[in-house]
Amino acid sequence: MKLRFRILLSCIVCVLLALLIQTFLFKETSSEMIYHLSREESENSLKNMQEEIYHFTGNMEKKMIKIYSEQDFISALKDDGYGIERLREDFYRRAYEVGAENFETSDKVMALYLYTMDHEIISTYRKATTPKHNYPVDIYENMETYNAGKVREYVESDETALLISGYYNTYREKDIIRFVLKLYNNSNRERKIGYVVCDVDSKVFTSILEKYCTENTMYIWLQSDSDRPIVSRGSLSEVDDGIYQVISEQIKAGNQASIESRSTQELFQAEQRKYNLTAYSLMPESILQQNQRALTVNLVTIAVVMVIVSVVLIFIVSSTITKPLDMLMQTIKRIAAGEMELRANVTKSDEIGELGRNFNVMLDQVEELKEKENQASLQLVQAQYKALQAQINPHFLYNTLDTMSSIAEVRDCPEVGMLSQSLSNIFRYSLNMKDPFSTVAKEIVHLKNYCYVMDVRMQDHVRYYYDIDANSLKARVPRISIQPLVENALNHGLRNKRGEKQVRIEAKVREELLEICVADNGVGMDAEKMNGSLRHSNLDYVEQGNSIGIHNINARLKILYGEEYGLHIESRIGEGTKVRMVIPKIEAEKENG
């Protein structure tokens, strides 16, 4: 029953996992599809709304362009000799006449202004001026309140399309929409002679926005680039109002409108194909998730039904599998109790039958393995004997070199004796790899033996300077890590050096770090290239085992202590090289002797 329970549980888990993955993927796919459909619908709605606004704006532009039919006024603007006082005297009612002749009541024109290119007011028309319905005589009388800075920026720019802007009228407590049209000299299209400012009631736009604000929780507004929101429609909660304020400030600052990923609102926008006016809308994600909830309930119901059906089927199928396995387990227990001659009774040709036959073959092979085990034991003893014998050879070498040293001293050959003794010490230290770590003191002793042998062998006179801090003598270092640095200095730095040859070895403790430097006055090298190569050193240099040079030491240090430790080279061509090794300072345990 244990195996049957495991099979049953495994199958149920697999079915559940498959259903969960299917449900999740289907949910994500459907959510994405619903989201794109809703987004496409919202964007199309905004585009349709923009088309209506575009037609209204186009009609307003055509009516404002009719001011060119005022030939006397246009001629006066073209004439540089016409002063502002004369313009105001001759055309003080021209704004009223243009507004009355060219615009209809449905256009909701509240005020009309005529300006020179020096932003001086020529004529003003204000409709039904009362304490409540009040409009400025000159939009520049309060730049910030009437958003006149945006008009001045547009007039002084090279933009040719009609400007759509707006401001909030504190008397009427509502938004006013503003259209600005530049006037040009017909004979010279690059010369601007003035401009017209037309302020209309925001109802002309809000009536259009209301048709497309279909949800109570939906919010739509119009806003030009780098300008304040012109008009809006809909309702927002306190939290969503904060989101709206952030987005409108982004647009006002000239940035791309964006919304945080964790926000509960979706942002949509549609630009207008000619004028500098973009429509934006905020829609709650809950609207997109309504259909998703119903879909999720259906998927969960289907998953529960499939699990119940799967459990019944799996229970039936598992019983046909576990019964032969139970019989095989009983046979195994009897064999484990000592009945080694017993074999499984195989009748079926399925996987379980194959398992029984292979089990019988395994039992037959066990007898053969017993004999092989005896032979392996004998071979192991022989291998251990050879290993012990191999340890004798290095000791034979040490003892021979010591004997040569003694004979040389007796026969008055001190140089040969010292050379033999140094070689003996080098081999003894190098081949003793029981502990991969040593101390600075032992490394310096090994280094001095090596330097003596190299001087005798190469007949080269190199001056060695040692500056070893007493606090560093007991510090642990990887075995044979200083001598290769000196070897590198001799082989590459000083080999082709003429004149006095020097090598300086320093070991100092700085706070919790041990710093070892080997410097020479040789020919130098490309330090930048070498340091770049050292930064890529890895375990491959150690595993290759071809040499114990700088790369090998650097790779070992990084493996032992971390990537922030290792070797660093400072060098100048023709002046010498300094190799610096930095590792953590760790005191070695006291040793007898």
Closest heavy-atom pair and its distance - [X], [Y]:
X: V204; Y: S106; answer: CG1-O, 4.1 Å
X: I247; Y: A257; answer: CG2-CB, 4.0 Å
X: M64; Y: L162; answer: SD-CD1, 4.2 Å
X: S123; Y: A95; answer: OG-N, 3.0 Å
X: I177; Y: S202; answer: CD1-CA, 3.8 Å
X: T124; Y: P136; answer: CG2-O, 4.2 Å

What distance separates [X] [atom1] from [Y] [atom2], expressed to the nearest 0.5 Å?
X: M110; Y: C198; atom1: CE; atom2: SG; value: 9.5 Å
X: M283; Y: M218; atom1: CE; atom2: CE; value: 4.5 Å
X: D175; Y: W221; atom1: CG; atom2: CH2; value: 14.0 Å
X: Y195; Y: T116; atom1: OH; atom2: OG1; value: 7.0 Å
X: I208; Y: F56; atom1: CD1; atom2: CZ; value: 7.0 Å
X: M581; Y: S481; atom1: CE; atom2: OG; value: 4.0 Å

Non-neighbouring partners of [X] that pass ring pair (Phe, Tyr, Trp, His ring centres under 6.0 Å), sequence neighbours left out:
X: Y125; value: Y96
X: F179; value: none
X: Y113; value: none
X: Y135; value: none

Listed by chain and number, what are the side chain to side chain contact (heavy atoms under 4.5 Å, CB included) partners of [X], not counting sequence neighbours?
X: L17; answer: I21
X: D240; answer: L236, S237, I243, T264, Q265
X: Y92; answer: none

Any non-hydrogen side-chain atom of [X] less than 4.5 Å from a side-chain atom of [Y]?
X: E159; Y: N276; answer: no
X: N134; Y: R126; answer: yes
X: E173; Y: Y168; answer: yes
X: I220; Y: M49; answer: yes
X: I53; Y: L209; answer: yes
X: L277; Y: F205; answer: yes
X: Y244; Y: D241; answer: yes
X: N531; Y: L534; answer: yes

Using modelled atom types only, decide if a donor and an acceptor are shared between the side chain of [X] and the backbone of [Y] within a distance under 3.5 Å.
X: K182; Y: Y154; value: yes
X: S75; Y: D72; value: no
X: N185; Y: R191; value: no
X: Q269; Y: T278; value: no
X: K192; Y: V155; value: yes
X: R88; Y: I121; value: yes
X: R86; Y: A76; value: no
X: Q223; Y: D227; value: yes

Closer than 4.0 angstrom, basic N to acidic O: yes or no for E97 and R94?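 Between R94 and E97 there is a salt bridge, with a charged N closer than 4.0 Å to a carboxylate O.
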Report all side-chain donor-acceptor pairs from residues 564-571 shorter than 3.5 Å, counting only partners two or more places apart or in another chain.
unit_1 : atom_1 : unit_2 : atom_2 : d
E570   : OE2    : R580   : NH2    : 3.3
S571   : OG     : M525   : N      : 2.9
S571   : OG     : M525   : O      : 3.4
S571   : OG     : G576   : O      : 3.1
S571   : OG     : T577   : OG1    : 2.9

Applying salt bridge (charged side-chain N to carboxylate O under 4.0 Å, His left out) as the test, list every pair that has at least one member in residues 103-123; sequence neighbours left out. K63-D107
Residue pairs involving residues 138-156 (criterion salt bridge (charged side-chain N to carboxylate O under 4.0 Å, His left out); sequence neighbours excluded):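 Those involving residues 138-156 do not exist here.
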Sequence neighbours left out, what passes side chain to side chain donor-acceptor pair (under 3.5 Å) with T145? Give chain and number order. N142
Which pairs count as side chain to side chain donor-acceptor pair (under 3.5 Å) when at least one residue sits in residues 46-56, sequence neighbours excluded? Q50-Q272, E51-R273, E52-K211, E52-Y212
Please lay out, stage by stage, how L112 and V197 fare under the test side-chain contact (heavy atoms from CB on, under 4.5 Å). CA-CA 6 Å; L112 189 70; V197 179; over 6 Å; no
Name the one of K508, R510, K585, K578 that satisfies salt bridge (Lys or Arg N to Asp or Glu O under 4.0 Å) with E515? R510
